[in-house]
Amino acid sequence: MNILEKFSLDGKAALVTGATGGLGAAMAKGFPEAGAVVVCHARNKGDADETCAYIDGLGRKTAAVVGDLSDKDVPLPSGIFLYFNKVLT
């Protein structure tokens with residue numbers, strides 16, 4: 001088994017917060033290359049859509065979720081994970 005196989009994310013889903021800049025964007029763009037589907041979270045829909053467009057270009061499933069994580073009264077939509085047939089805990 002080579003090193004890339006050890007880090008394979010085939011069949012996995014990732015929720016990446018801050019997916020539009022810095023480390024978040026790097027992870028959101030890197031996880032699909034390892035096989036994962038990615039839910040991109042951001043505070044700005046346009047920025048989230050831009051990251052998702054990059055992932056779409058890789059031929060991977062993706063979706064954007066917009067919201068402010070500092071507001072504890074606004075949960076992430078749980079239905080987004082049903083779209084991918086995945087449950088994240």
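- Heavy atoms only, all atoms of each residue included: Gly46 and Asn44 are closest at N-OD1, 2.9 Å.
- In plain terms, the two heavy atoms of Ala14 and Phe31 that are nearest each other are CB-CD1, 3.6 Å.
- What you find for Thr51 and Ala28 is that their closest heavy atoms are CG2-CB, 3.9 Å.
- Checking side-chain atoms of Glu5 against main-chain N and O of Asn2 turns up a donor-acceptor pair under 3.5 Å.
- Contact annotation: the side chain of Glu33 approaches that of Leu58 to within less than 4.5 Å [non-hydrogen atoms, C-beta and beyond].
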Pair Val16-His41, side-chain contact (heavy atoms from CB on, under 4.5 Å): steps then yes or no: CA-CA 6 Å; Val16 180; His41 175 271; over 6 Å; no

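- Partners of Asp10 according to the side-chain hydrogen bond (donor to acceptor under 3.5 Å, both in side chains) rule, which considers only residues two or more places apart in sequence or in another chain, are Ser8.
- Residues passing the side-chain hydrogen bond (donor to acceptor under 3.5 Å, both in side chains) test with Asp49 are Lys45, sequence neighbours excluded.
- The shortest heavy-atom contact between Ala42 and Thr20 is CB-CG2, 3.4 Å.
- Looking at Thr62, its side chain never comes within 3.5 Å of a backbone N or O of Asp56 through a donor-acceptor pair.
- Partner of Cys40 under the side-chain contact (heavy atoms from CB on, under 4.5 Å) criterion, out of Val66, Ile55, Val65: Ile55 alone.
- In this structure, Arg60 contributes its side chain and Pro32 its backbone to a donor-acceptor pair below 3.5 Å.
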